[in-house]
Amino acid sequence: MKKTERVNLIMRYINNRAHFTIAEIQREFKISRATAIRDINEIQAMGFPMTTELGRGGGYNVLQNQYLPAARFTPDELKAIFISFIASKNSQLPYLQNRRSITEKLIGIASQTQQDELIELNNILLFENTNPANPNLLELDDAAPAELNQLISLAVRDKHLRMTYEPSPGWPQLLDVYLLHIFNSNAQWLVEAYDFDTDEFRYLPVDLLRDSAISDHVLKYSEQEILSKKRMGARQSNLVVKLDTTGIQRFKRMHPPGIILSFTGMFQSSGVFNVQLDVTDVEALAYYADWLLFLGKGVVFERIPVELRLILEDRLTNLKFS
């Protein structure tokens, strides 16, 4: 029996009792004392109202009069929650195990008719990266990098982190960074961080990070000073691009790592982004030229390096038709 299923059964079991003991849970579910205690502690952590009764004949008292009212969803609300889950199931999101347990709970509170409707929804609706021949077969591995959950847990406590970056196997680099953002770009999780040692902003693939922890170094700059450095770098960007609605939609579908789009019009009808390009990197310039053409004809360049403009003009001049 899976742990989530067992915990749910134990909750139903104790829900109908005013008092129970660990020994009763052991006998009923044929589990060890340690497992029973862990499951009860997890149920308590979820907010289940019970108190511990000490002593030889002690156990747990269930506070029946302190229950919060059970959540109830309308059929349309249940569909909305379920659709949001299947829409994100192949986006490599963190806390995958938690999402699975939530889905099981949602299915558990649905009637048989609602369950049949949800199963049919899963067969009918197709989202990006879903295989049309088999909607249950994902094109992407629906599992975020192992380090992602740890990074999120650390960042909500302290953004000044120490992490090991291993761009090549066997060549680890110990970094002292200030984490600014964690984001998903083109099906890859990235960390935007300020590197104190190199005095630069970096975009690090999460799957190449190891052993992240809160840094024990003295923080050299405050968050405000770090953000000021970033704004100053943005003003010096040599590529500044405005997008219309078509460009925004295509930007969302694909964009180089680390580029952040700022919306400038009402209802996200226009936006702008800026990049500092290395004009000596011919391969990078060629990539950006192809990508900028993909964004559509509504692109407006406020600032563009001459080297990139020449590549774009060459692309448009040499279009071939069969």
Side-chain angles (χ1 to χ4, degrees), residues 1-73 78 81-82 84-86 88-111 115 118 138 141-158 161-164 179 182 189 206-207 209-214 216:
M1 183 186 301
K2 292 182 179 179
K3 177 185 175 183
T4 302
E5 181 182 357
R6 185 182 67 245
V7 170
N8 286 335
L9 289 174
I10 293 174
M11 287 181 67
R12 294 193 189 100
Y13 176 85
I14 65 179
N15 185 38
N16 297 319
R17 287 160 176 76
H19 180 273
F20 66 94
T21 65
I22 291 295
E24 290 172 347
I25 298 296
Q26 287 181 253
R27 286 194 300 270
E28 180 69 23
F29 297 96
K30 297 179 176 57
I31 55 178
S32 68
R33 178 178 177 81
T35 299
I37 291 173
R38 280 198 300 270
D39 288 347
I40 294 301
N41 288 341
E42 182 173 330
I43 291 170
Q44 283 185 301
M46 289 189 289
F48 198 96
M50 62 177 116
T51 59
T52 305
E53 183 180 340
L54 301 176
R56 189 170 183 178
Y60 295 83
N61 293 316
V62 180
L63 308 180
Q64 300 286 345
N65 61 337
Q66 294 191 23
Y67 278 111
L68 293 174
R72 293 289 183 268
F73 298 102
L78 198 59
I81 297 171
F82 189 75
S84 70
F85 271 68
I86 63 176
S88 65
K89 67 182 179 180
N90 44 3
S91 296
Q92 301 183 28
L93 298 181
Y95 301 107
L96 178 62
Q97 190 61 44
N98 301 78
R99 290 191 289 135
R100 286 175 179 161
S101 64
I102 292 172
T103 303
E104 291 176 3
K105 291 175 183 177
L106 286 173
I107 295 296
I109 65 175
S111 66
Q115 289 183 24
L118 296 181
L138 304 182
D141 178 18
D142 188 26
E147 191 74 6
L148 184 58
N149 288 10
Q150 173 70 358
L151 281 171
I152 294 173
S153 299
L154 291 171
V156 297
R157 294 163 48 203
D158 195 326
L161 304 178
R162 182 209 70 219
M163 54 181 61
T164 300
L179 188 147
I182 303 172
W189 281 100
V206 174
D207 57 2
L209 298 177
R210 312 278 185 271
D211 306 321
S212 299
I214 294 174
D216 55 4

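Fair warning: this is a prediction, and the values are worked out from it, not measured in the lab. When reading the values below, keep in mind they use all heavy atoms of this one structure, side chains included, and skip hydrogens, waters and symmetry mates.
Remark: Gln150 engages no residue in a side-chain hydrogen bond (donor to acceptor under 3.5 Å, both in side chains) (not counting sequence neighbours). Qualifying side-chain hydrogen bond (donor to acceptor under 3.5 Å, both in side chains) partners for Asn61, counting only residues two or more places apart in sequence or in other chains: Glu53. Listed by chain and residue number, nothing satisfies the side-chain hydrogen bond (donor to acceptor under 3.5 Å, both in side chains) test with Thr164 (two or more places apart in sequence, or in another chain).
Interatomic distance, CD1 of Ile22 versus CD of Glu24, reported as 9.5 Å (0.5 Å rounding). Separation of atoms CD1 (Ile214) and CZ (Arg157) is listed at 4.0 Å; rounding is to 0.5 Å. Between atom CE of residue Met11 and atom CD of residue Glu42 there is a gap of 9.5 Å, rounded to the nearest 0.5 Å. From Ile10, atom CD1 reaches atom CZ of Arg6 across 6.0 Å, with rounding to the nearest 0.5 Å. Separation of atoms CD1 (Ile14) and CZ (Phe20) is listed at 4.0 Å; rounding is to 0.5 Å. One finds the CG atom of Leu161 at 13.0 Å from the CG atom of Asp211 (value rounded to the nearest 0.5 Å).
In this structure the side chain of Lys3 never reaches within 4.5 angstrom of the side chain of Thr35, judged on heavy atoms. Between Leu154 and Leu179, the closest side-chain pair of non-hydrogen atoms is not below 4.5 Å.
Between Leu118 and Phe82 the shortest heavy-atom distance is O-CE2, 3.2 Å.
Here the side chain of Gln26 pairs no donor or acceptor atom with the backbone of Ala36 at under 3.5 angstrom.
For the side chain to side chain contact (heavy atoms under 4.5 Å, CB included) with Tyr60, the lone residue among Thr21, Ile25, Ile40 that qualifies is Ile40.
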